[in-house]
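Just so we're clear, the structure is a prediction, and the values are computed from it rather than from any experiment. Order of listing sets the numbers, starting from 1, for every ligand and every atom in it.
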Amino acid sequence: MVVTFLLIFLYFAVAVTVALTVLLYVFQCDLLYAAGFPAGSRSTVAKPSQYGLPDKEVVLMTKDGVKIRSYVMIQRGEEVAIQSPTILWFHSHTGNMGHRLPIAQVFYKKFGYNVMMLSYRGYGLSEGKPNEKGINVDAQTALEYITHHPILRHTKLIAFGQSLGGAVALNLVSKNEDKFAALIIENTFLSMTLLIPHALPALRHLVYLCHQTWRSYKAIQNIHRIPMLFLSSLKDELVPPAHMAKLYDTSHTSGVKIWKEFENGTHNDTCMQPGYFEAIAEFGRDNVWDLSDDEKN
Ligand SMILES: *[C@@H]1O[C@H](CO)[C@@H](O)[C@H](O)[C@H]1NC(C)=O
Ligand SMILES: *[C@@H]1O[C@H](CO)[C@@H](O)[C@H](O)[C@H]1NC(C)=O
C-alpha cells in the first residue's frame, strides 16, 4: 500500500518536472521577449509626429516573409541628409520603437542625424513572434533597406543597441562590419545564458534549456575595425554592469573604444543621466562626422 503510494507520488513528481521543463523550453521566448510590457505595447505605437519628427513608416518584408514596421526619419534636403550620419536603432526586450522616439528626437533634432528604428517581429505592430534567429533577420532586413536607399546608402552608419538591442547590434555589425562607421551599445549582456542566473535566479539550474543564446561575447570578437562606445549604468538591476566591462575588455577593435559609465544609472534610465547625450555627441563628432565637412562649416 505504502509502496504504491510512493510510486504514484514519484510518477507525479517526474511528470510535473518534465512538464515544467517542456513548458520552459517551449515558452521561453514569451518569458525573454516581453513585447507586451508596458501594457498596450502591442496595440499602440507612438508616431514620430507626436515628437515633431517626420512621420515616415516603412513596412519591411523579411526574407522569411514577416512584415515588420520601421520609422525612417531623414534630414530635410538631400544634400544635408547625405552628409548626416544615420543611426540604426535597436530597442530592448520591452515595449516597441515608439517608446524610443524621445531619444530619436534628440538624435534627429539636436545632433542632425538621420534615424531608422524598427519594432522587431512580435513587437509593436510588427507581425510574427520574437526569437533570436528572427530578430537577427529583422535587423539584417533593416540594414538592407538602408544600403539600397538612394540617400541613406551614402551616409555614415552607426548601429545603436540598448540591452537586448545591444546583442542585436553586435550580431549585425559582426556580420556586416564594412557597412558601419561606428557602434554604440548600452547596458547589454555577454550572452543570455550568462545573464539568466542574475536576471531570473529561480531558473539558474535550468540554463541548459536556454536556446536563445545571444552570444555577444563571441560576436564582439568579430568586430575588427570600427570605433565603439560603451554606455554602462553602474546601478543596472537587470544586467550586471560587469557584463559591459567584460565586453569592453573582450573587444579588440582597432578603432577607438570609449567607456562611459553612469554612477546613478539603472537599466532603463541611462538616457536621463547627466552626460548621456553629451557622451554620444562627442563620440559621433570625433569618430563619425567627416572632419573635412566640419571645417567647411
Ligand atoms: C549620484 O547620486 C548621488 C546621491 O544622490 C549624488 O550625490 C551624486 O552627485 C550623483 N552622481 C551623479 C554623477 O549624478
Ligand atoms: C524601467 O525600469 C523600471 C524599474 O526597473 C520599471 O519600473 C519601468 O516600468 C521600466 N520601464 C520600461 C519601459 O521598461
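- Two rings, from F160 and F107, have their centers less than 6.0 Å apart.
- Aromatic pair H91/Y120: ring centres closer than 6.0 Å.
- For atom 7 (O) of ligand 1, the nearest protein heavy atom lies 4.0 Å or farther away.
- No path of Ile, Leu, Val, Met, Phe, Trp and Tyr side chains, each step under 4.5 Å between heavy atoms, connects L170 with V137, placing them in separate hydrophobic clusters.
- Atom 5 (O) of ligand 1 has its closest protein heavy atom at N264 ND2, 4.8 Å.
- Within a 4.0 Å radius of atom 2 (O) of ligand 1, the protein contributes one or more non-hydrogen atoms.
- Closest protein heavy atom to atom 13 (C) of ligand 1: E263 OE2, 3.5 Å.
- Of all atoms in ligand 1, numbered sequentially from 1 with element shown, those under 4.0 Å from a heavy atom of P274 are 14 (O).
- Cation-pi geometry between K257 and Y248 is met: under 6.0 angstrom from the ring centre, within 45 degrees of the axis.
- Using modelled atom types, no side-chain atom of D236 and backbone atom of T266 make a donor-acceptor pair closer than 3.5 Å.
- Neither the backbone nor the side chain of Q273 has any atom closer than 4.0 Å to an atom of ligand 1 (non-hydrogen atoms only).
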